[in-house]
Structures are given as C-alpha cells and as structure tokens.
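Nothing here was measured: the structure is a model prediction, and the numbers come from that model. Numbers for residues simply follow the sequence, beginning at 1.
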Amino acid sequence: MRFVLASASPARLTVLRNAGVEPHVRVSGVDEDAVAAALADPGPAELVTALAVAKAEAVAADERDAVVVGCDSMLLTADGRVEGKPGTVEVARERWGRIAGTTGTLLTGHAVLRVAAGRVVDRAVDHEATTVRFGTPTGAELEAYLATGEPLNVAGAFTLDGLGGWFVEGIDGDPSSVIGISLPLTRRLLRGIGVAVSDIW
C-alpha cells in the first residue's frame, strides 16, 4: 500500500521510519496563513486540524491509490497564545522568554485520507494534545540554542528529539505527537478508514 506523508518535516519522517514505515514524502505547499484566515475564529485544536486536512487534501489531489497523512502542530502557551514556527531569532527569543519555566500544550492535528482511483473515498481526522513542562535555559544556553537555527522552524520554538530536549523537563502524553506525528492516534485513524497499521509496515 502506498503510504504518503504530506510533510517536509524530517522529524515526522524519522518517527515513521523508526516505527517501521518508509513513506513517500510529498510536500503540500499549502499556504498556512490563507487556510487560517479562511476559518471563522477557530479554536487551537480546530486550527491545527484544519491545516492538517488542507495539507493532506493538497497532496491527495495528485494521487491515484494511496493513504495520505497530513499533520500540523502548534503550541498553546500558558498565557493562552497559539504559537507556530517563529521563523526568526528575535521571535524565538521572545517566545522562550515567555515559555521558560511554564507549562504549555503541544497540539498536533492529523488527517488520514484514503485515495482510490484518483479520488478521496474515506477520511479520518483528529488531534492530539500533550502537556509540555519547559525548563529555564540560562541566557547563554538560549543564545547558543537560537544560534543553531533549530528552534526557528519548529512549532513553539522547541524540539523534544533534538537540542531543544535539553530544555524540556517532562511531558504528559504522547511523545511522538510532540515530535510531530502521533503514532497511537495515526493507528486509530488508519483503523477508521479500514487500514491496519501492519498493512503499511
């Protein structure tokens, strides 16, 4: 069965490979800001789920027979902000100034589409929420982390499986979801469209 990951994320790809799946990787090219702007006052979970659906649908449009998985992650901070990728050192520094020593919720939207004969014949959509307890890096540690570029292109300006892991005190929930794709949730969604996870190993 052709299994397609609609994401450029190396972390998601690594999670799947470590779990016995070698997906075909196709980047959706979705304009995330446009998708978000089209929603009427979405909640954080609705937003990440809508983005995951948009990415999966964009890739599925060019498939004949496949299962396509799209994901999107954002951090809901303790002060109620929804944070995506910071993009710049300045934004990442400001975010760490707010999240250090606090607890946030990493939300990851998932969309699994079944494509047959060039059209989507089934879908399952949901999100996962995982609590993240942040440590407090020293000023020198934070500047060194920012200089690596790692926090600039990841949701919430941190990773669990990379250098950012040094500054995460713990999590409550699914670690694979924090990395970018929840294996337990993806398995349930696959089952929802009639696909056993063993079919894609």
Side-chain angles (χ1 to χ4, degrees), residues 1-32 35 45 48-75 84-85 106-130 132 148-166 168 171 173-201:
M1 177 174 295
R2 181 174 167 85
F3 184 83
V4 181
L5 175 63
S7 173
S9 166
R12 290 185 182 118
L13 179 59
T14 297
V15 168
L16 289 171
R17 283 178 169 166
N18 289 343
V21 178
E22 187 60 49
H24 298 271
V25 174
R26 298 207 31 231
V27 181
S28 69
V30 163
D31 183 338
E32 296 184 20
V35 172
V48 294
T49 304
L51 288 166
V53 169
K55 293 174 182 180
E57 287 180 339
V59 168
D62 294 323
E63 292 291 331
R64 285 287 301 162
D65 293 283
V67 170
V68 179
V69 176
C71 299
D72 191 81
S73 298
M74 291 189 178
L75 178 69
K85 301 170 186 173
L106 199 287
L107 298 163
T108 302
H110 293 64
V112 177
L113 309 183
R114 180 94 180 243
V115 182
R119 66 184 188 88
V120 175
V121 295
D122 206 354
R123 68 178 59 216
V125 176
D126 205 346
H127 74 281
E128 188 71 30
T130 304
V132 182
T148 68
E150 181 187 89
L152 308 187
N153 297 307
V154 290
F158 80 100
T159 62
L160 183 62
D161 58 331
L163 297 172
W166 293 100
V168 175
I171 66 166
D174 174 15
S176 62
S177 184
V178 177
I179 297 170
I181 181 168
S182 168
L183 294 177
L185 177 55
T186 301
R187 181 180 63 84
R188 293 194 299 272
L189 295 178
L190 285 167
R191 194 170 59 222
I193 62 167
V195 177
V197 70
S198 53
D199 294 337
I200 62 170
W201 286 347

- Would you sort out whether D62 and R26 count as a side-chain contact (heavy atoms from CB on, under 4.5 Å), showing the intermediate values? CA-CA 10 Å; D62 294 323; R26 298 207 31 231; 3.4 Å; yes
- Heavy-atom donor-acceptor pair, T108 side chain to S177 backbone, under 3.5 Å: yes
- Closest non-hydrogen atom pair, G109 against V48: N-CG2, 3.6 Å
- Can you check side-chain contact (heavy atoms from CB on, under 4.5 Å) on V69 and I181, steps first, answer last? CA-CA 9 Å; V69 176; I181 181 168; 3.9 Å; yes
- Considering all heavy atoms of both residues, which atom of A6 and which atom of V68 are nearest to each other, and what is their separation? CB-CG1, 4.1 Å
- Residue pair E32, D72: steps toward the side-chain contact (heavy atoms from CB on, under 4.5 Å) verdict: CA-CA 10 Å; E32 296 184 20; D72 191 81; 3.7 Å; yes
Which donor-acceptor pairs under 3.5 Å do the side chains of residues 13-24 make with protein atoms, sequence neighbours left out?
from, atom 1, to, atom 2, distance (Å)
T14, OG1, P10, O, 2.9
R17, NE, E22, OE1, 3.1
R17, NE, E22, OE2, 3.0
R17, NH2, E22, OE2, 3.0
N18, ND2, T14, O, 3.4
H24, ND1, R2, NH1, 3.2
H24, NE2, R2, NH1, 3.4

- Determine the minimum heavy-atom distance between P151 and T148, stating which atoms define it. CD-OG1, 3.9 Å
- Message: Nearest 0.5 angstrom please: R119 CZ to E63 CD, how far?
- Response: 15.5 Å
- Can you measure from NZ (K55) to CG (L5) and round to the nearest 0.5 angstrom? 10.0 Å
- To the nearest 0.5 Å, how far apart are CG in L183 and CZ in R188? 11.0 Å
- If you take all heavy atoms of D174 and S182, which pair is closest and at what distance? OD2-OG, 2.5 Å
- Separation of D161 CG from I179 CD1 (nearest 0.5 Å): 4.5 Å
- Find the distance between NZ (K85) and OG (S73) and round it off to the nearest 0.5 Å. 9.0 Å
- Message: With side-chain contact (heavy atoms from CB on, under 4.5 Å) as the criterion, how do V67 and I200 come out once you've worked through the C-alpha distance, each side chain's angles and the decisive distance to 0.1 Å?
- Response: CA-CA 9 Å; V67 170; I200 62 170; 5.6 Å; no
- Query: If you round to the nearest 0.5 Å, how far is CD of E150 from CG of L163?
  - Reply: 4.5 Å
- Query: Minimum heavy-atom separation for V35 to A50, with atom names?
  - Reply: CG1-O, 4.2 Å
- Query: Of the non-hydrogen atoms in G180 and R12, which two are nearest, and what is the gap between them?
  - Reply: O-NE, 2.6 Å
- Message: When you measure from the side chain of R187 to the backbone of V197, do you find a donor-acceptor pair of N or O atoms at a distance under 3.5 Å?
- Response: no
- From L75, L160, T159, residue fulfilling side chain to side chain contact (heavy atoms under 4.5 Å, CB included) relative to V154: T159
- Query: side chain to side chain donor-acceptor pair (under 3.5 Å) with R114: which residues, sequence neighbours excluded?
  - Reply: none
- Task: Answer yes or no: is there a donor N or O on one side and an acceptor on the other, between the side chain of R123 and the main chain of V112, under 3.5 Å?
- Result: no
- Message: If we ignore hydrogens and angles and just use 3.5 Å, is the side chain of H110 paired with the main-chain N or O of L189 as donor and acceptor?
- Response: no
